[in-house]
Amino acid sequence: MPAPTDTAAKAGDLNAVRWLAIPSHGDARGVLTAVEGDIDVPFAIARVYLLHHITADRGGHAHRDTHQLVIAAAGSCDLTLADGSEERTYRLDDPTRGLLFGPMLFIRMRNITPDARLLVLASTHYDKYRSIRSWEEYLEAIRP
């Protein structure tokens, strides 16, 4: 599949980013936390991936059409989202809540603890042409 040629993409909406409480049920045996697509998250889950044994900062990209829920299943990290003119940083450190955000926001993950396990639920399957791999390319893509 060729790379998209649309260079007039609109930047993502930082005001739509929100914390999402994840249903958790505990008893004497521990806590079960579960997420169901189209019920607990406002999209069908097409892809799930886990980041672990992280040795460097992550991110450095934007997704053209993917909605995501990012959960710190263990440990913590700072997730920064930018729209080309503003950026906001969120501390992910609780497995019972995740950060929900839409497409065309530039993502950076820093201050990742050695024990961090980041679970990501995505609305699309992986396709390298769905992502923008540098800040400069991102700014070019959202330029009016």
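Everything numeric here is computed off the predicted structure, so don't read it as measured data. Count residues from 1 along the sequence.
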### Task
Tell me, with the steps shown, if Arg130 and Thr66 meet side chain to side chain donor-acceptor pair (under 3.5 Å).
CA-CA 8 Å; Arg130 282 192 159 127; Thr66 302; 5.1 Å; no

#### Entry: Worked verdict on Leu79 versus Val70 for side chain to side chain contact (heavy atoms under 4.5 Å, CB included)
CA-CA 9 Å; Leu79 190 146; Val70 181; 4.1 Å; yes

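Closest heavy-atom contact between Met109 and Gly59: CE-N, 3.9 Å. When all heavy atoms of Ser76 and Ala116 are compared, the pair lying nearest together is O-CB, 3.8 Å. Nearest approach of Asp83 to Gly12, heavy atoms of both residues: CB-O, 3.6 Å.
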Could you tabulate the donor-acceptor pairs under 3.5 Å formed by side-chain atoms of residues 30-42, not counting sequence neighbours?
{"from": "Thr33", "atom 1": "OG1", "to": "Ser24", "atom 2": "OG", "distance (Å)": "2.8"}
{"from": "Asp38", "atom 1": "OD1", "to": "Ala44", "atom 2": "N", "distance (Å)": "3.1"}
{"from": "Asp40", "atom 1": "OD2", "to": "Glu36", "atom 2": "N", "distance (Å)": "2.8"}

Please output the side-chain donor-acceptor pairs of residues 95-102 that fall under 3.5 Å, not counting sequence neighbours, one pair per line with the distance.
{"from": "Thr96", "atom 1": "OG1", "to": "Asp94", "atom 2": "OD1", "distance (Å)": "2.7"}
{"from": "Thr96", "atom 1": "OG1", "to": "Asp94", "atom 2": "OD2", "distance (Å)": "3.2"}

Do any side-chain atoms of residues 15-23 form donor-acceptor pairs under 3.5 angstrom with protein atoms, and if so which ones, sequence neighbours left out?
{"from": "Asn15", "atom 1": "OD1", "to": "Arg88", "atom 2": "NH1", "distance (Å)": "3.3"}
{"from": "Asn15", "atom 1": "OD1", "to": "Arg88", "atom 2": "NH2", "distance (Å)": "2.9"}

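Contact of the Val120 side chain with the Val48 side chain is not registered, since no non-hydrogen atoms from C-beta on lie closer than 4.5 Å. With a 4.5 Å cut-off on side-chain heavy atoms, His67 and Pro103 count as touching. Inter-residue side-chain proximity for Glu87 and Leu81 is flagged as unmet; no heavy-atom pair is nearer than 4.5 Å. Contact of the Met104 side chain with the Tyr138 side chain is registered, since non-hydrogen atoms from C-beta on lie closer than 4.5 Å. Counting heavy atoms from C-beta outward, Asp65 and Thr124 have side chains that approach closer than 4.5 Å. At a threshold of 4.5 Å between non-hydrogen side-chain atoms, the residues Leu51 and Arg58 count as touching.
Atom CG of Leu118 sits about 10.0 Å away from atom CD1 of Ile71, to the nearest 0.5 Å. We find the CG-CG distance between Leu119 and Leu92 to be 11.5 Å, quoted to the nearest 0.5 Å. For the atom pair Asp127 CG and His63 NE2, the distance stands at 11.5 Å (nearest 0.5 Å). Distance check: Leu139 CG to Arg143 CZ gives 9.5 Å after rounding to the nearest 0.5 Å. Separation of atoms CG (Leu105) and CG (Asp13) is listed at 7.5 Å; rounding is to 0.5 Å. With values rounded to the nearest 0.5 angstrom, Glu140 atom CD is found 13.0 Å from Trp135 atom CH2.
The hydrophobic cluster of Tyr126 has no other members, since no ILVMFWY side-chain heavy atom comes under 4.5 Å of it.
Under a hydrophobic clustering in which Ile, Leu, Val, Met, Phe, Trp and Tyr are joined whenever their side-chain heavy atoms come within less than 4.5 Å, directly or via other members, Ile54 and Leu50 fall into different clusters. Under the 4.5 Å side-chain heavy-atom criterion for Ile, Leu, Val, Met, Phe, Trp and Tyr, Ile142 and Ile107 are members of distinct hydrophobic clusters.
Residue pairs meeting the ring-ring contact (aromatic ring centres under 6.0 Å, His included) criterion with at least one member in residues 23-45, sequence neighbours excluded, do not occur. Every pair passing side chain to side chain donor-acceptor pair (under 3.5 Å) that includes a residue from residues 99-118 is listed here, sequence neighbours excluded: Asp78-Asn111, Thr113-Asp115.
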